[in-house]
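Notes follow the structure.
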Amino acid sequence: MTTMATQGAWLRMAAVSSSSSAKSVLKSTVTSSELGFLTSQLSGIRISHGPSDVISPISVPSFPGLQPIVARRICPFTGKKANRANKVSFSNHKTKKLQFVNLQYKKVWWEAGKRFVKLRLSTKALKTIEKNGLDAVAKKAGIDLRKK
């Protein structure tokens with residue numbers, strides 16, 4: 001099994017040499033020859049064949065806006081998040097651990113919207129909502145309840 005480093009070295013030698021075996025491996029297509037590139041039959045890597053004979057870097061498509069959707073363990077109302085702490089054994093050996101927020105899914109009655117709103121919030125935020133009201137807490141946190 002060859003690695004990308006050995007394939008790159010082999011393709012570099014094949015692009016530089018003008019022997020008949022290198023020409024049989026590398027095949028020029030109509031659209032790529034207009035752009036000045038050769039396409040390898042083995043892996044489909046584009047190789048530059050200009051005056052400098054430099055191999056173009058392998059381009060990997062990147063999508064900066066797309067990231068995996070993960071429900072973070074942060075309360076949107078209070079901003080509480082996980083605390084880094086030490087787990088201490090009997091021998092006083094300390095290892096790192098995370099103390100997560102007590103997040104709960106809860107349907108809360110929204111008086112202004114005349115409906116229930118399903119929220120994922122901490123128990124501390126639930127106590128604050130019971131004391132001050134959902135509208136006041138959402139406004140302070142900058143959360144628009146109409147979207148949910």
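Residues take their numbers from the sequence shown, with the count starting at 1.
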Working to the nearest 0.5 Å, report the span between [atom1] of [X] and [atom2] of [Y].
X    : Y    : atom1 : atom2 : value
K97  : N83  : NZ    : CG    : 9.5 Å
W109 : R115 : CH2   : CZ    : 9.5 Å
Q104 : L126 : CD    : CG    : 8.5 Å
K127 : K124 : NZ    : NZ    : 6.0 Å

So, for [X] and [Y], which heavy atoms are closest and what is the spacing to 0.1 Å?
X    : Y    : value
D135 : A112 : OD2-CB, 3.6 Å
R146 : W110 : CG-CH2, 3.7 Å
A82  : L98  : CB-CD2, 4.2 Å
T78  : S122 : OG1-OG, 3.6 Å
R120 : P76  : O-CD, 3.4 Å
F77  : A141 : O-CB, 3.7 Å

Pairs satisfying salt bridge (charged side-chain N to carboxylate O under 4.0 Å, His left out), at least one member in residues 72-85, at least two apart: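 For residues 72-85, and leaving out neighbouring residues, there are no salt bridge (charged side-chain N to carboxylate O under 4.0 Å, His left out) pairs at all.
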
message: Taking the side chain as everything from C-beta on, heavy atoms only, tell me whether I143 gets closer than 4.5 Å to L119.
response: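 Not touching, per the 4.5 Å side-chain cut-off.
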
